[in-house]
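The basis for the numbers below is simple: all heavy atoms, side chains too, and nothing from hydrogens, waters or symmetry mates.
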Amino acid sequence: MSILNWLGALPGAAAQGIIWGIMAIGVYFTYKILDVADLTVDGSICTGGAVCAVLMTAGMDAWLAMLIAVVAGVLCGLLTGVFHTLMGIPAILAGILTQLILWSVNLKIMGQANMALPSRSFDVLVAASRVGVSLPILIVFVVVLIALLYCFLGTELGAALRSTGCNLNMSRAQGINVELIKVLGLALSNGVVALSGALLTQYQGFADINMGRGAIVIGLAAVIIGEVVTSRLANSNFVKKIGIGYAFRLLGVVIGGVIYFFVYQTVVFLGLDTDLLKMLSALVVAVFLAVPYWKKKYLSSPHKKAAVSAGCTNDAVKEDESNA
Amino acid sequence: MLEMKNITKTFFPGTVNEKVALKGIDLTLEDGDFVTIIGGNGAGKSTLLNAISGVWKPDCGQVIIDGIDVTHLPEYKRAKYLGRVFQDPMMGTAKDMEIEENLALALRRGKRRTLKWRISKAEREEYRRILADLDLGLETRMTHKVGLLSGGQRQAVTLLMATLNTPKLLLLDEHTAALDPKTAAKVLEITDRIVEKDHLTTLMITHNMQDAIDHGNRLIMMHEGKVIIDVKGEEKKKLTVPDLLAMFANASGKAFTNDRAMLS
Ligand SMILES: Nc1ncnc2c1ncn2[C@@H]1O[C@H](COP(=O)(O)OP(=O)(O)O)[C@@H](O)[C@H]1O
Ligand SMILES: [Mg+2]
């Protein structure tokens with residue numbers, strides 16, 4: 001094992017990172033924007049992959065198969081949304097229920113536990129065996145996707161989605177049907193997740209019933225890493241001035257996915273047990289999720305606490321004090 | 001403009017915690033009425049406003065806003081007719097969104113939200129103008145996150161949001177209670193100005209008896225889920241705080257208590 005081997009594996013890791021980064025964008029929409037932890041993704045990523053594999057082996061064009069995979073993902077999100085809003089089931093549980101339903105559904109879609117989609121026999125868009133062409137395609141793909149989602153967040157509907165995640169009562173008082181918006185957000189998110197599943201299936205050459213296990217953790221890890229990496233840039237005055245903070249945040253999520261897979265690749269090359277990687281990811285995510293809580297609990301005085309959670313700069317805090 | 005007929009609301013019915021919060025409220029507001037509401041802790045003042053805004057359905061009774069029976073409309077649909085400001089400055093705005101984004105959300109209250117851009121250039125100029133009218137320097141901070149503002153500034157923005165798309169009714173629930181006296185006075189002054197300018201029909205709960213006397217054209221006092229005092233016009237103008245306390249003792253048979261009440 002040499003450093004050259006390691007370097008040689010990086011493009012592949014980058015491609016995988018981008019694909020999982022797309023999945024993480026879906027997680028970002030629910031977890032960060034809508035403030036709902038949606039566990040549907042573990043199932044809907046496989047649904048996207050399964051639908052894509054079945055349709056493409058039946059001879060369908062890759063683009064059309066991916067489009068239908070997205071629709072399937074949207075339906076998964078709708079189901080969780082219905083469980084959550086119409087049936088009053090807590091979001092986490094609603095996601096787990098859908099996940100379980102999808103386990104059966106995905107098996108039925110494929111008719112078996114896994115399904116091959118070899119790049120030699122099918123006209124796939126991306127493939128691990130062709131990293132050189134796949135990587136640029138994925139980069140263009142993700143840039144277009146981010147641009148679309150960024151534009152959506154800038155619309156009236158997108159603003160309603162963000163305000164619902166930020167302040168439910170205020171959104172209702174402003175006439176927003178918050179239940180409908182939540183369903184919409186879940187549907188959109190799982191559509192994106194299914195898209196990543198369809199890409200992953202083409203890239204790795206198969207769909208597998210277990211391909212989504214722990215996806216939520218990878219997604220959260222990418223979101224967290226992305227936040228650390230791009231927060232400075234996304235909040236910089238320049239980015240604010242031209243008003244594209246969200247584009248940078250979404251890009252950050254994808255970069256987070258890529259970093260995750262670089263680390264994964266490194267772990268593989270160091271000969272560490274990759275079986276442990278999910279556990280390590282989960283622990284790292286747990287610690288990162290705990291940081292804001294710990295900060296609040298142990299590090300700040302009551303006044304500072306309020307200022308920090310409000311994102312105050314020192315000047316703003318002073319202003320508050322002089323007003324008080 | 002507003003008709004409430006026999007509105008009754010019981011929380012936790014049939015349990016040991018059963019609480020009759022509103023007992024057959026009948027209240028009619030004329031167009032342009034500015035009603036101040038006072039009353040002790042738990043008198044049912046917030047519950048009254050919640051009945052109007054549809055936070056839950058009343059056990060019985062009817063709410064009619066400008067001839068439209070809204071009793072069975074969900075909260076988000078009634079929002080079309082209502083501007084609301086809450087006691088907690090954090091409640092009325094989305095802190096992670098910009099000032100202008102919050103205003104743009106409010107301008108679209110009661111309208112369908114589409115895939116059009118969330119804010120237009122013309123709107124932005126309008127927002128700059130009304131923010132400048134507040135005289136809080138917010139017109140230069142329109143793209144700042146609302147979370148960066150002080151409580152008073154947030155309440156002022158919430159007031160603008162409540163009235164930007166002119167509501168049929170403005171509901172204010174102790175919206176100055178969390179502010180220091182100076183800021184509270186400023187926000188009240190802004191309230192008066194907006195209400196006057198748009199000739200808004202307003203219900204304002206306050207913990208400050210003097211404010212209740214000084215503002216609006218009608219004053220009601222609530223006690224144990226009922227309206228026990230209702231004064232308007234000339235009679236209201238002549239009221240003093242001792243008058244009010246005496247009226248309360250007379251009507252309820254008790255001395256007035258409210259841990260936040262300000263008697264002067
Ligand atoms: N959502 C609710 N659930 C249960 N009890 C409530 C609720 N809202 C109000 N109450 C009860 O109704 C009574 C009136 O409350 P409220 O209208 O908030 O009083 P206030 O006049 O101080 O605003 C209180 O006893 C309160 O505990
Ligand atoms: Mg109250």
Tell me, side chain or backbone of [X] under 4.5 Å from chain A's heavy atoms, or both, or neither?
{"X": "B/Thr158", "result": "neither"}
{"X": "B/Ser53", "result": "neither"}
{"X": "B/Lys77", "result": "neither"}

Does either side chain, that of [X] or that of [Y], offer a donor lying less than 3.5 Å from an acceptor on the other one?
{"X": "A/Thr30", "Y": "A/Asp38", "answer": "no"}
{"X": "B/Arg154", "Y": "B/Thr93", "answer": "yes"}
{"X": "B/Asn50", "Y": "B/Asp173", "answer": "no"}
{"X": "B/Thr36", "Y": "B/Thr206", "answer": "no"}
{"X": "B/Asn17", "Y": "B/Thr15", "answer": "no"}

Do B/Glu123 and B/Arg108 meet the salt-bridge criterion of a basic N to acidic O distance under 4.0 Å?
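Result for this pair is yes, salt bridge flagged.
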Taking atom NZ of B/Lys111 as the centre, report whether more than 12 heavy atoms of other residues, nucleotides or ligands fall under 6.0 Å from it.
yes
Looking at A/Phe152, I want to see if its CZ is surrounded by more than 12 non-hydrogen atoms of other residues, nucleotides or ligands under 6.0 Å.
yes
Do you know which of [options] has the most heavy-atom pairs under 4.5 Å to chain A?
{"options": "B/Val146, B/Thr143, B/Leu115", "value": "B/Leu115"}
{"options": "B/Ala94, B/Ala104, B/Pro74", "value": "B/Ala94"}
{"options": "B/Met91, B/Arg78, B/Arg84", "value": "B/Met91"}

Mind telling me whether A/Phe141 and A/Trp63 have parallel, tilted or perpendicular rings, with 30° and 60° as the class edges?
parallel
Any residues in residues 157-175 of chain A near chain B, with a heavy-atom distance under 4.5 Å, and which are they?
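If one takes a 4.5 Å heavy-atom cut-off, the residues of residues 157-175 of chain A near chain B are A/Leu157, A/Ala159, A/Ala160, A/Arg162, A/Ser163, A/Cys166, A/Asn167, A/Asn169, A/Met170, A/Arg172, A/Ala173, A/Gln174, A/Gly175.
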